[in-house]
Amino acid sequence: MDQLGNLLEGFSVALTPMNMVFLVIGAVLGTAVGVLPGLGSAMAVALLLPVTFSLDPTGAFIMFASIYFGGLFGDSTSGILLNTPGNSSAIATTFEGHRMAKDGRAAKALGTAAIGAFMGGMIATTLVVFFSPYLVRLATLFGPAEYFALSAFAFVAISAVVAESVVRGLIALGIGLALAMVGIDGQSGAARFTLGNPEFFDGISIIVVTVGLLAMGEVLHVASRIHREGSAMQIQTSGTPYLSWRELKQVFPAFVRGTAFGLPFGAIPVGGSEVPTFLAYGTEKRLAKRRSDTMFGGRGAIQGVAGPEAAGNATAGSALGALLALGLPTSATAAMMLAAFQQYGMQPGPLLFERSADLVWPLLASLFVGLIILLVINLPFASVWAKLLLVPKHYLYAGVAVFSVFGVYAIASSMKDLWLLVGIGVLGFVMRRFEIPVAPVLIAAILGPLAETELRRALAVSEGDVGILVASPISVSLYAIMAVAILISIVQHLRHHKAAA
């Protein structure tokens, strides 16, 4: 009950007029920055960090928390409307969300994203407040072998479940791993696949890979087909963002499943919210196949938006909990928040709740208020955002290309990144032509370095004994689930080919 009393005191601080102004400003700025390709909530916090020098710590962190969740919704907005997610956490939402937009259900997709983000974030924040000690225990159960098993599980789940063809899925996985291996090997210090160019020593930024494959690849794909489709193809942007009772019953299980995927991943550093969002998407797609639901991959399935959005925001909520309780930043934005804490002379961790309770509890209370503000702001205006699709395609996608270049260049001001953006964009165009899925490339590029590092750490600890990879119940469980998923996928593909023959 101490947590409840502390939380109520936190609300008394968070609901003051000035802090409410900070919450609204943060929500608007986070959403606006998240819409821009290549920029996300981490970039927004980084850019606004100097601005908060004149604010008191409580007001600054309340604004940062609002920017955090606002950026996540902005990422999804650009992904749904333009197939150009502002950050990699919105990639899974983009697959079905953009199909819904092209089917004239853009407002509905944005409304689903807003409700899913609200539910996932609200449940995660509630659990952080009341069950943060259990988050600490969960994080301590994972060692190098468990991280590697989790990465391998994600590789197989995305390649075998999300992709329509296992072969094409494995090809895409190989492309992603190849991109991830460019740069200096963290263990030995050797340069790999850099072509002797020092500019490649830092590897290829995941932002460049994401924006190149999804944004530039889509721009080139649309440009190659725009005359064939003609100007007669008009996307209907009218429609309500509010879900009917039937639709709510349809997507509520997806919200719950997505939240369940996202909650544990925020407490462990396994690649941020990308893994749970992809797993949530893969689960919804597999369940749709069992129901013979043809919306997935066609007109766009609402569950394919609901699950990943809930997962992404649940991860964001539990990531903040891990930062506050452990001092462990499990995402880029959490790392920026850690820098902000250190700027004010505070170190997140178990003692933070005792030493800085007057800051922590208003911050946690502001998460609840901020999520409500984001829902109030974004749900009614979803149909307004959808009007963006009324812009003629040649203007719209030219703007996407410009903002993509701007977002990538803003990261490191590097011409090398711009050339890579063009090259990876061409790769994305070719993959679309040959129906090679993009999702396995992205998940491999994100998790490839983690999987390699943790595998080598595990083998170093065991002095080369591979038995360590299956020495814990967590690892064995993950491998067992992975084997069952592969077996089920093979059976389903064989049945599909037999039915087609």
Please list, one pair per line, the donor and acceptor atoms closer than 3.5 Å that link side chains of residues 114-127 to other protein atoms, with sequence neighbours excluded.
unit_1	atom_1	unit_2	atom_2	d
Thr125	OG1	Gly121	O	2.7
Thr126	OG1	Met122	O	2.8

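- With sequence neighbours left out, Ala113 forms a side chain to side chain contact (heavy atoms under 4.5 Å, CB included) with Phe73, Ile80, Val305, Glu309.
- With sequence neighbours excluded, the residues that form a side chain to side chain contact (heavy atoms under 4.5 Å, CB included) with Pro449 are Ala180.
- With sequence neighbours left out, Glu247 forms a side chain to side chain donor-acceptor pair (under 3.5 Å) with Lys108, Ser244.
- Remark: Ile481 pairs with Phe153 by the side chain to side chain contact (heavy atoms under 4.5 Å, CB included) rule, at least two apart or across chains.
- Of the possible donor and acceptor atoms, one in the side chain of Ser66 sits under 3.5 Å from a partner among the backbone N and O of Ala27.
- Here the side chain of Glu284 pairs no donor or acceptor atom with the backbone of Tyr281 at under 3.5 angstrom.
- By the side chain to side chain donor-acceptor pair (under 3.5 Å) test, Thr58 pairs with no residue at all, sequence neighbours left out.
- Sorted by first then second residue, the side chain to side chain donor-acceptor pair (under 3.5 Å) pairs that include residues 357-374, not counting sequence neighbours, number zero.
- Qualifying side chain to side chain donor-acceptor pair (under 3.5 Å) partners for Thr16, counting only residues two or more places apart in sequence or in other chains: Asn19.
- With sequence neighbours left out, the side chain to side chain contact (heavy atoms under 4.5 Å, CB included) criterion links Ala451 to Phe148, Ser151, Phe155.
- Not counting sequence neighbours, Thr112 has no partner by the side chain to side chain donor-acceptor pair (under 3.5 Å) test.
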